[in-house]
*Asks:* 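Below you'll find the structure I mean.
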Amino acid sequence: MKTFAARVSEWQRVHGRHDLPWQQDRDPYRIWLSEIMLQQTQVATVLPYYARFVAAFPTVASLAAAPLDHVLAIWSGLGYYRRAHHLHAAANAVVRDHDGVFPRDAATLAALPGIGRSTAAAIAAFASDERGAILDGNVKRVLARHRGVDGWPGEPRVHAALWQIADALVPPNASDIRAYTQGLMDIGATICTRTRQQCAVCPIRDDCEARLTGRVAELPTPRPRKVLPQREVTVLMLERDGDVLLERRPVLGVWGGLWSLPELPRNADIASHVGIKLAMTPGELRRLPPLTHTFTHFALTMYPVRVQVARAPLDVRMPGVEWFARDAALAAAIPAPIRKLLQFSEAEFRLTG
């Protein structure tokens, strides 16, 4: 039987993905963008965002020179916004420390913000044929099944065991590393999926421990189930002459650095907040249907309230708070759920007059 790496590489050359936009050249900058975007995000979702991002920032120098707010606006909707912060920081580091030449070796790549061991190895493999193991989410599933590794991959013991396996399976020839690396990703994304696995066409099925023992559906062991915490907040849609008030969120935390609607505790006194903290005179208050958005670690239910501002000072007193024309607000760096609320508010306003 051929080696694991040989079977994966040969399968990829015939059946794998070859037409993705970041596969058309060996530019480490574009490969890096794709790898960061693909973290916890499917290819189909990434494709339009990748095209838009490359159009806005065709080089690492253009990304570094752009204001962070513009980067976040282009990223808006893709989620996990810390990735966009890291992209901007890494681009600046490349310009500052590497004369604007994007690194191609894993050791240098891993020193940049937001690039871990697996991502660095993938970029180096695709950009310069450097041999190294990868271990993203899909690859963890492939290896856990093939080697019959019990336990949740997020557990340190299991994670370390999977890295040992990944290191041992790297092909000896650098000429095979690109096909092997892409093949592992492709098998995990298209064949050895979480559900509806296609074992009959898998190139590594003959010695797959999970298939041979009837445990494909059991491995890898799922994350231990926990009750997802629930949070509730009131969000204010403060409107004045067609404009809407947005508030810059802290850099750290949920939706870090994005513009959002002012947020209050669920039972806070809205009129007092608007009058005292914002020095505005609230007019009509209209409660809109709540919207729930699920994050990795909790679920957030937002209760939007439209507030027509009867009187407001020329300048808002709070730092990081600005009036936006509605079209400008929708084009700004705002989270997808907030964009949905603003769009609903606009549609509701048009229907009710």
Side-chain angles (χ1 to χ4, degrees), residues 3-39 41 43 46-47 50-51 53-54 57-64 83 86-140 142-143 162-189 203:
T3 66
F4 178 93
R7 284 176 283 160
V8 170
S9 301
E10 290 176 8
W11 175 88
Q12 199 282 328
R13 291 188 176 103
V14 177
H15 302 289
R17 296 180 289 194
H18 300 274
D19 57 353
L20 297 172
W22 46 86
Q23 294 177 316
Q24 304 316 303
D25 56 44
R26 307 191 71 178
D27 181 354
Y29 170 69
R30 297 193 175 200
I31 295 169
W32 165 66
L33 291 180
S34 71
E35 288 298 322
I36 299 301
M37 289 183 174
L38 287 166
Q39 292 172 355
T41 309
V43 169
V46 165
L47 286 172
Y50 174 83
F53 209 88
V54 170
F57 313 113
T59 65
V60 67
S62 63
L63 176 56
R83 294 181 296 175
H86 283 149
L87 282 176
H88 193 247
N92 277 278
V94 169
V95 170
R96 182 185 64 245
D97 301 332
H98 302 283
D99 296 324
V101 178
F102 208 92
R104 292 175 178 267
D105 65 287
T108 306
L109 288 162
L112 295 174
I115 302 182
R117 175 184 175 185
S118 180
T119 300
I123 299 169
F126 295 139
S128 59
D129 293 323
E130 181 178 319
R131 294 176 60 251
I134 64 166
L135 196 65
D136 65 13
N138 285 338
V139 175
K140 289 177 185 178
V142 172
L143 298 186
L162 290 173
W163 265 119
Q164 285 187 323
I165 294 170
D167 282 330
L169 293 174
V170 173
N173 297 321
S175 60
D176 293 330
I177 192 64
R178 268 195 295 164
Y180 173 74
T181 301
Q182 187 64 55
L184 273 182
M185 294 177 174
D186 290 349
I187 290 170

*Asks:* Locate the shortest heavy-atom distance separating Ala121 from Ala133; write the atom from each residue and the value.
*Replies:* CB-O, 3.2 Å
*Asks:* Can you tell which of Glu10, Arg13, Gln12 makes a side-chain contact (heavy atoms from CB on, under 4.5 Å) with Asp176?
*Replies:* Arg13
*Asks:* Which value, rounded to the nearest 0.5 Å, describes the distance between Gln39 atom CD and His86 atom NE2?
*Replies:* 9.5 Å
*Asks:* Taking all heavy atoms of Val60 and all of Gly100, pick out the closest pair and write down the distance.
*Replies:* CG1-O, 3.4 Å
*Asks:* Give the minimum heavy-atom separation between Pro203 and Arg7, together with the two atoms involved.
*Replies:* O-CD, 3.5 Å
*Asks:* Would you say Asp99's side chain and Val101's backbone share a donor-acceptor pair under 3.5 angstrom?
*Replies:* no
*Asks:* Using a 3.5 Å distance criterion without hydrogens, assess whether the side chain of Arg83 forms a donor-acceptor pair with backbone atoms of Ile36.
*Replies:* yes
*Asks:* Where is the tightest heavy-atom contact between Leu109 and Ala124, given as atom of each residue plus distance?
*Replies:* CD1-N, 4.0 Å
*Asks:* Check whether any side-chain heavy atom of Leu20 sits under 4.5 Å from a side-chain heavy atom of Ser34, and report yes or no.
*Replies:* no
*Asks:* Which pairs count as side-chain hydrogen bond (donor to acceptor under 3.5 Å, both in side chains) when at least one residue sits in residues 164-175, sequence neighbours excluded?
*Replies:* Arg117-Asp167
*Asks:* Please answer whether the main-chain N or O of Arg104 pairs with a side-chain N or O of Ser128 as donor and acceptor at a distance below 3.5 Å.
*Replies:* yes
*Asks:* Could you check Arg17, Arg178, Gln182, Arg30 and say which one makes a side-chain hydrogen bond (donor to acceptor under 3.5 Å, both in side chains) with Gln23?
*Replies:* Gln182
*Asks:* Which heavy atom of Gly16 sits nearest a heavy atom of Asp186, and at what distance?
*Replies:* CA-OD2, 3.4 Å
*Asks:* Could you grab the distance from atom CD1 of Ile134 to atom CE of Met185, nearest 0.5 Å is fine?
*Replies:* 4.0 Å
*Asks:* Decide side-chain contact (heavy atoms from CB on, under 4.5 Å) for Leu33 and Tyr50; before the verdict, give the C-alpha distance in whole Å, the side-chain angles of both, and the deciding distance to 0.1 Å.
*Replies:* CA-CA 8 Å; Leu33 291 180; Tyr50 174 83; 4.2 Å; yes
*Asks:* If every non-hydrogen atom of Ala120 is compared with every non-hydrogen atom of Ala106, which pair is closest and at what distance?
*Replies:* CB-O, 3.6 Å
*Asks:* For side-chain contact (heavy atoms from CB on, under 4.5 Å), just list the numbers for Tyr29 and Leu63, CA-CA rounded to whole Å, side-chain angles, deciding distance to a tenth of an Å, and then say yes or no.
*Replies:* CA-CA 10 Å; Tyr29 170 69; Leu63 176 56; 3.7 Å; yes
*Asks:* Short question: side chain of His15, backbone of Gly183 - any donor-acceptor pair under 3.5 Å?
*Replies:* no
*Asks:* Any chance you could measure Tyr180, atom OH, to Phe4, atom CZ, to the nearest 0.5 Å?
*Replies:* 5.0 Å
*Asks:* Under the criterion side-chain contact (heavy atoms from CB on, under 4.5 Å), which of Leu135, Val139, Asn138 is the partner of Leu184?
*Replies:* Val139
*Asks:* Given 3.5 Å as the limit, does a donor-acceptor pair link the side chain of Ser62 with the main chain of Thr59, or not?
*Replies:* yes
*Asks:* How long is the span from the CD1 atom in Ile115 to the CD1 atom in Ile123, to the nearest 0.5 Å?
*Replies:* 4.5 Å
*Asks:* Return the CG to CG distance between Leu87 and Asn92, rounded to the nearest 0.5 Å.
*Replies:* 11.5 Å
*Asks:* Answer yes when Arg26 and Asp129 have at least one side-chain N-carboxylate O distance shorter than 4.0 Å, and no when they do not.
*Replies:* yes
*Asks:* Quick one: do Phe126 and Glu35 satisfy side-chain contact (heavy atoms from CB on, under 4.5 Å)? Show the steps, please.
*Replies:* CA-CA 11 Å; Phe126 295 139; Glu35 288 298 322; 3.6 Å; yes
*Asks:* Give a yes or no on whether the backbone of Leu38 and the side-chain of Thr41 come within a donor-acceptor separation of less than 3.5 Å.
*Replies:* no
*Asks:* State, with a plain yes or no, whether a side-chain heavy atom of Val8 is found less than 4.5 Å away from one of Thr3.
*Replies:* no
*Asks:* Counting only N and O atoms by type, is there a donor-acceptor contact under 3.5 Å from the side chain of Arg131 to the main-chain atoms of Ile177?
*Replies:* no
*Asks:* Which distance, rounded to the nearest 0.5 Å, do you find between the NZ of Lys140 and the CH2 of Trp163?
*Replies:* 8.5 Å
*Asks:* Could I get the full list of ring pair (Phe, Tyr, Trp, His ring centres under 6.0 Å) partners for Phe102, not counting sequence neighbours?
*Replies:* Trp32
